[in-house]
Each structure stands twice: as C-alpha cells, then as structure tokens.
Amino acid sequence: GGHLPHGERNKISDVPGVTVGHCTLADGDIQTGVTALLPRPGDVFHDKVLAACHVINGFGKTTGLMQLSELGTLETPIALTNTLNVGLVHDAIVEYMLQRCQAEGVELHSVNPVVGECNDATLNRIAERCVGREQVFAALAAAAPDFDEGDVGAGKGTICHGLKGGIGSASRVLEYDGRIYTMGLLVQSNHGVLSDLTVCGRRIGPALAQRLETRKADQGSILAVLATDLPLDARQLARVARRVSVGLARLGSHIGHGS
C-alpha cells in the first residue's frame with residue numbers, strides 16, 4: 001500500500017552509503033545466521049551517525065540501545081542474529097572494531113555494539129549457538145548495496161504469521177523542501193498469527209488458517225532497522241521509528257504478550 005515510489009532496488013540500501021551482508025548456516029537442524037548492516041562507508045566509530053530507537057514491546061535481548069538512546073549516535077555496524085547468540089555476536093563486533101581502530105593507529109577503550117535478535121528455536125537447534133566471530137566477519141565482508149532477502153542470514157530460521165519468515169527490505173522516495181530523500185527499512189520477521197495476515201488491505205489469513213495448523217497467539221519477534229538521508233536529529237528519528245508499529249498493525253499483528 002501507500003502512494004510513494006520506491007527506490008532503485010526497493011531496499012534499505014537505496015539510502016546512500018547503507019550496505020547489508022549475510023552469513024547463513026543451513027545444515028540439518030542448524031538453520032540460523034547473522035545479518036550485518038553498515039550505516040556508511042569508512043570509520044563509523046569516529047564519524048558516528050545520528051540514531052535513535054523505539055521498543056514496541058521490551059521482551060528482546062538487544063544490546064546497545066541504552067547508550068544509543070542516551071547519546072543519539074550509532075558507532076558500530078548493526079548485527080541481527082538469534083536470541084542465544086547475541087553475546088557471541090556482540091563480542092565479534094567488539095573484535096571487528098578493535099581491528100578497525102588498530103589499523104588506523106587509534107586505541108579503543110570502549111565501544112557500543114548494537115545487536116538485535118529473534119528466537120528461531122522452532123526451526124533451528126538454537127542451543128548449539130553456532131553464530132560467532134567467523135560468521136559475523138563473513139557477513140560484514142559480504143556487505144553490499146545488493147543483498148539477498150528472505151530465507152537468509154538472521155532470517156534463516158524465523159517464522160512470520162505462521163509461514164516462513166526471514167529478512168525483508170523496502171524503500172520509499174519522497175520530496176521535501178525541493179530535495180529528494182530516501183527512507184529505507186530492513187526487518188527480521190518472526191511474529192504474527194496466520195489467521196490475522198493482511199496483505200494490501202485484504203485479509204488472506206483466515207482462508208489459509210483453515211488449511212494450515214499454526215500457533216494461535218500472536219507471539220514472537222520482529223526487528224526493524226530504518227535508515228534515511230533526511231536531515232533529522234535523534235529526537236526526530238525516534239518519532240519515525242515509532243511509526244513501525246503502524247505497519248505491523250496493517251499486516252495484522254496485534255503485538256502480543258511476548259516480543
């Protein structure tokens with residue numbers, strides 16, 4: 001729905017400088033991975049980007065949001081993975097930033113990695129905790145404007161409205177004060193009930209739910225990352241982030257008692 005045109009790729013990477021990479025693990029019961037988003041080329045630690053966050057339902061295990069909210073800046077790539085791998089991915093981002101700063105001859109004494117998660121335990125043997133330094137570095141190395149969507153990276157083991165979830169992305173182009181700007185979105189979807197699924201205003205879920213047996217309660221998770229080249233400060237970015245819940249409602253999510 002909506003009336004705004006999308007960007008060239010219809011992905012978050014239509015925002016200049018934004019790149020995304022995945023590392024996907026698919027081997028028997030292991031169905032998981034990591035997705036890394038780089039907000040700009042070059043050294044984001046010393047040339048931080050303005051940022052904000054909004055927690056729709058605070059059940060997640062995300063790291064880094066407190067400092068991000070306090071200072072209004074992002075100083076690392078953003079990584080998405082599964083619930084039990086947050087610590088390992090956080091550690092890998094620290095190592096990545098240490099190496100970047102060391103290469104530039106700068107000592108690093110503190111850094112604030114932002115790592116998000118969804119619980120993919122239904123499709124993935126999550127207790128194996130298979131996502132670590134190797135996978136995070138591979139995702140970062142793969143970051144590019146053109147990236148895969150769907151059953152990849154942090155979305156490999158996720159479920160959305162009782163169907164296969166994954167990584168999705170889109171962009172919209174708008175004009176403000178005589179200039180053209182882009183708003184991009186990337187999600188890791190792992191939420192919803194099939195009977196509530198609504199697409200382009202049409203409730204297609206009830207008919208599907210009669211044929212497919214899925215969970216009855218709207219539980220699970222969704223992580224949404226927004227990027228824009230609009231000249232917004234951190235307070236204004238937080239206002240934009242809050243609007244994500246409107247899109248979830250249009251899809252049919254009631255934001256249940258869970259993530």
Side-chain angles (χ1 to χ4, degrees), residues 11-12 20-37 55-63 78-90 114-132 135-136 138-139 142 147-170 184-199 204-205 208-209 212-226 244-245 247-259:
K11 295 179 179 180
I12 194 171
V20 175
H22 306 293
C23 181
T24 305
L25 299 177
D27 182 12
D29 292 340
I30 303 300
Q31 301 290 323
T32 191
V34 58
T35 296
L37 183 145
V55 178
I56 298 172
N57 190 3
F59 208 77
K61 314 304 182 288
T62 307
T63 70
I78 295 171
L80 306 178
T81 188
N82 71 54
T83 304
L84 296 189
N85 271 116
V86 169
L88 293 171
V89 172
H90 180 282
V114 175
V115 182
E117 53 78 28
C118 287
N119 194 311
D120 58 14
T122 299
L123 300 180
N124 172 51
R125 196 164 72 242
I126 194 170
E128 292 295 317
R129 300 201 299 157
C130 295
V131 182
Q135 290 72 34
V136 172
F147 57 91
D148 291 335
E149 297 180 68
D151 189 32
V152 294
K156 180 61 185 173
T158 62
I159 299 169
C160 183
H161 282 271
L163 307 172
K164 186 65 189 76
I167 297 293
S169 193
L185 174 75
L186 181 141
V187 300
Q188 178 190 12
S189 59
N190 193 47
H191 70 285
V193 175
L194 182 56
S195 59
D196 295 328
L197 180 60
T198 304
V199 178
I204 67 172
L208 291 173
L212 300 172
E213 183 177 345
T214 61
R215 63 189 177 198
K216 304 302 181 183
D218 188 351
Q219 294 179 332
S221 306
I222 183 166
L223 268 290
V225 182
L226 289 158
V244 170
S245 61
L248 288 171
R250 292 183 66 184
L251 187 62
S253 176
H254 297 289
I255 308 176
H257 180 62
S259 289

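Both backbone and side-chain heavy atoms feed into the values below; hydrogens, waters and symmetry mates do not.
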Check whether any side-chain heavy atom of I222 lies under 4.5 Å from a side-chain heavy atom of I56, and answer yes or no.
-> no
Donor-acceptor under 3.5 Å (S189 side chain, G166 main chain) | yes
Audit row: F147, I12, side-chain contact (heavy atoms from CB on, under 4.5 Å) steps and yes/no = CA-CA 10 Å; F147 57 91; I12 194 171; 4.0 Å; yes
Distance (rounded to the nearest 0.5 Å) between C130 SG and Q135 CD = 7.5 Å
Locate the shortest heavy-atom distance separating H22 from A142; write the atom from each residue and the value.
-> O-CB, 4.1 Å
Separation of D120 CG from S221 OG (nearest 0.5 Å) | 10.0 Å
Nearest 0.5 Å, what's the OG-NE2 distance between S253 and H161?
-> 5.5 Å
Closest contact, heavy atoms only, T198 versus R250 | CB-O, 3.5 Å
Result for side-chain contact (heavy atoms from CB on, under 4.5 Å) between I126 and one of T32, N85, V131, N82 points to N82
On a heavy-atom basis, the closest approach of S169 and L185 is OG-O, 2.7 Å
Over all heavy atoms of both residues, which pair between K61 and E117 is shortest? Give the atoms and the distance, please.
-> N-OE2, 2.7 Å
T35 side-chain N/O to G33 backbone N/O, donor-acceptor pair under 3.5 Å | no
After noting the C-alpha distance and the side-chain angles of I30 and N124, does the key distance pass the side-chain contact (heavy atoms from CB on, under 4.5 Å) rule?
-> CA-CA 5 Å; I30 303 300; N124 172 51; 4.0 Å; yes
Mind checking the CG-CD spacing from D29 to Q31? Nearest 0.5 Å is all I need.
-> 8.0 Å
T24 and D148: side-chain contact (heavy atoms from CB on, under 4.5 Å), yes or no, with the steps?
-> CA-CA 11 Å; T24 305; D148 291 335; over 6 Å; no
Would L251 and H191 count as a side-chain contact (heavy atoms from CB on, under 4.5 Å) if you check the C-alpha gap in whole Å, the side-chain angles of each, and the deciding distance to 0.1 Å?
-> CA-CA 11 Å; L251 187 62; H191 70 285; 3.9 Å; yes
Looking at OG1 of T158 and CG of D151, how far apart are the two atoms once the value is rounded to the nearest 0.5 Å?
-> 7.5 Å
Min side-chain heavy-atom separation L212-L163 under 4.5 Å = yes
If only atom types and distance count, is the side chain of K164 paired as donor or acceptor with the main-chain N or O of K156 below 3.5 Å?
-> yes
Closest contact, heavy atoms only, A127 versus L84 | CA-CD1, 4.1 Å
Please say whether more than 12 non-hydrogen atoms of neighbouring residues, nucleotides or ligands are located less than 6.0 Å from CZ in R129.
-> no
Any chance you could measure L80, atom CG, to L223, atom CG, to the nearest 0.5 Å?
-> 5.5 Å
Note: G155 and I167 closest approach over all heavy atoms is N-CG1, 3.7 Å
